[in-house]
*Asks:* 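So that we are looking at the same thing, I have put the structure below in structure tokens.
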Amino acid sequence: MSLEALLQRADIWRGRSVSSRPGPQGLATGYPPLDRLLPGAGWPTNALSEILFEEEGIGELQLLMPALAALSRGDRWLAWIGPPHLPYPPALAARGIELSRLLVVEALVGKQRLWALEQALRSGDCSAVLGWLPATVAEAALRRLQLAAEEGETPGFLFRPAQAAAHASPAALRLRLSATPQGLGLEILKCRGGWSRGELLLAPDAVA
Amino acid sequence: MLWLSLFLPHLALEVFARAAADGVPLLIVDGKGTRRWVHACSRAAAQSGAQRGMALGAALSLLKEVRLKERDPAQEQAALETLAAWAGQFTPTIHILPQRGLLLETQASLELFGGLAPLQTQIQQGLEELGFHPLLGIAPTPEAAWLLSKVGDGRPITELGHLPERLAALPLIYLELAPSALRALKQMGVRRLEECLRLPRAGLAKRFEPALVDYLDRLLGRLPDPRPLYTPPASFASRLLLPAEVDNTEALAFAAHRLLLELAGFLNARGSGILQMELQLSHPKHAASRLSVGLVAPSRDAAHLGRLLRAKLDAFTLPAPVEAIALSAERLVPLTEAQNDLFAIRNPHDRFRLLERLQAYLGTEAVHGCQLRADHRPERAWQKCQPGEGGKSPSLRFGQRPLWLLEPPLPLNERDGQPQLNGALRLLSGPERIETGWWEEPPVQRDYFIAEDPGHARYWVFRNLADDEGWFLHGLYA
């Protein structure tokens, strides 16, 4: 038996590899280089993903757009809980989001935002839930959101400032985004099912 | 015919006691002036020695902590009417015995509910959830059923022929007879019903009022006994007096739950749902507060309505302590049982439950969808709409548009003719000229550019050509 055939076997766990662990199928991100790095070849489906960014406008939302566009073709809500600005419908429509699935919840107070996030995640009526949280959030609150995502079988995406990387989080996936002259830099801080601390650069024309 | 009688011996107490679950002793007081006596007492009060018929002063001396309520016959009658409306989900044939109880004709309902015993259990449990503890009696004639419930004999009699032997041993005091007739029978030495039935009929007819013989005939089914039937109202309104003033919404939730169960039963009976309900809180020295709950899809599910009401109550601060709560629903909407498609997993109406819950807690304006509009001005190219309606949009073509829009646009500093945001902005593409006609107010004349800042974040900026020629930030390419 050659070495390659041996390494292909499913019962060998390789510490740094991602795809050897069988796991639930993820939500295709629309960016093949990113899909290759993530377990399940996509966004985790019944869990929270945290997207940390240093500055607004570097492409943090655009990263989600292909997956959201695919989800919006279903019949469940795309919930945006407490967005910091107005999600601009012409831009969303241009990127393939079906506007009739859009649900914007303006929740200003932190407590209200956490409550609305939990309700949306747990209900199972949303195909995805997007939330914006500050750098410091009580870990118990995040754990509740993670449980709600599991119960409702809904993927949750939390956008937080980059300082949140210093605090632990129960999210299944944590990405840190930074803008470089060559494009959007992605760093995987945490992902379930593997130790891959991958880094990725997405070219500018793929994101914009 | 099979009549089910509901006798509520503790009705005077239950109209107050069912609104709260604490164990404070409660006394219902009757009489006026100096002669006041205890009409009914709760279990907690009875444990300390209070009894029905005891003088009020004597009862107060036995109890350290007590709540007193005046007996309220109007409230009792209202409670019976709400119960009759609630019982409409079991049978349409209902007769109210004023101040005492209900009679339900259940022969036609037996098959739907799977037999007499399940029906009996459902009615008993439902009433207990509403806060009442009835005694049931089941017999082929209404008078016999009522008699059985007064005695507390719950075993059903299903055949007319069994009536004489089952009712034989009943003391005459339970029968609905005039006091003069009772006294006369007692003087004759007649104590029990079987002795009364053995008396010759002609003799009874001659010596007593015809009402006595008529009653005995109706009791045993020899004569028909038609009863005026209860017709339910077209809308729902029910009120609960709280035994003590309440100043927190937690305690209100218990009483509100009782009212919601009544509403659910009423809607079940009518085969309808509601789109809106209102909870009214009465304060002693303050104008009443009103909480309105609206639904997107009609519903009569007690659990769902309860969650919405709970969310509304949690978000509400009481201006003053509450002494009574009332629930009302004006317009009923026909609602049939949802036909569950064999392969469909979710009922389409479920989608709106999340909406209703969010709107109940955060307010209706906080939850919305988006729709496109045919307008060149970027800030007017969209509008808020009800979630779910965004699909009806004109298909328009736009240039590269940012995912976040800032409203209103943010003025930018300028240095050497270059707009500044976190440093000098580098213009990547543009200009895109957006201009409105002279008839639009205010006129818009802008050159839009996509710009990048030193941190490589991308922005949508414009140069205002109309008034003051400044640079503005209108959106972020997030």
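Keep in mind that this is a model prediction, so the values were computed, not measured. Letters A, B, ... are given to chains in the order of the sequence lines, protein chains preceding strands, and every chain is numbered from 1. Values below: every heavy atom of this structure, side chains too, minus hydrogens, waters and symmetry copies.
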*Asks:* Would B:Asp301 and B:Arg353 pass as an ion pair if we require N to O under 4.0 Å?
*Replies:* yes
*Asks:* Charged N to carboxylate O under 4.0 angstrom, B:Glu432 versus B:Arg401?
*Replies:* yes
*Asks:* Looking at the rings of A:Tyr88 and B:Trp382, which for Trp means the six-membered one, are their centres under 6.0 Å apart?
*Replies:* no
*Asks:* Should the pair B:Phe352 and A:Trp77 be assigned to parallel (<30°), tilted (30 to 60°) or perpendicular (>60°) ring geometry?
*Replies:* perpendicular
*Asks:* Among A:Val109, A:Thr180, A:Val104, which residue forms the greatest number of heavy-atom pairs with chain B at distances under 4.5 Å?
*Replies:* A:Val104
*Asks:* Judged by atom type as modelled, is there a donor-acceptor pair below 3.5 Å linking the side chain of A:Arg76 to the main-chain atoms of A:Gly124?
*Replies:* yes
*Asks:* Can you say whether the rings of A:Trp132 and A:Phe159 are parallel (under 30°), tilted (30 to 60°) or perpendicular (over 60°)?
*Replies:* parallel
*Asks:* For B:Leu355, is it the side chain, the backbone, both or neither that has a heavy atom under 4.5 Å from a heavy atom of chain A?
*Replies:* side chain
*Asks:* Output the option from A:Cys126, A:Pro89, A:Pro84 having the highest count of non-hydrogen pairs under 4.5 Å with chain B.
*Replies:* A:Pro89
*Asks:* Between B:Leu354, B:Leu406, B:Leu476, B:Val367, who has the most heavy-atom pairs with chain A when the cutoff is under 4.5 Å?
*Replies:* B:Leu354
*Asks:* Under a 4.5 Å heavy-atom cut-off, does chain A meet the side chain of B:Leu362, its backbone, both or neither?
*Replies:* side chain
*Asks:* Please state whether the side chain, the backbone, both or neither of A:Ala93 comes within less than 4.5 Å of a heavy atom of chain B.
*Replies:* side chain
*Asks:* By a 4.5 Å heavy-atom criterion (distance strictly below it), what part of A:Glu55 contacts chain B: side chain, backbone, both, or neither?
*Replies:* side chain
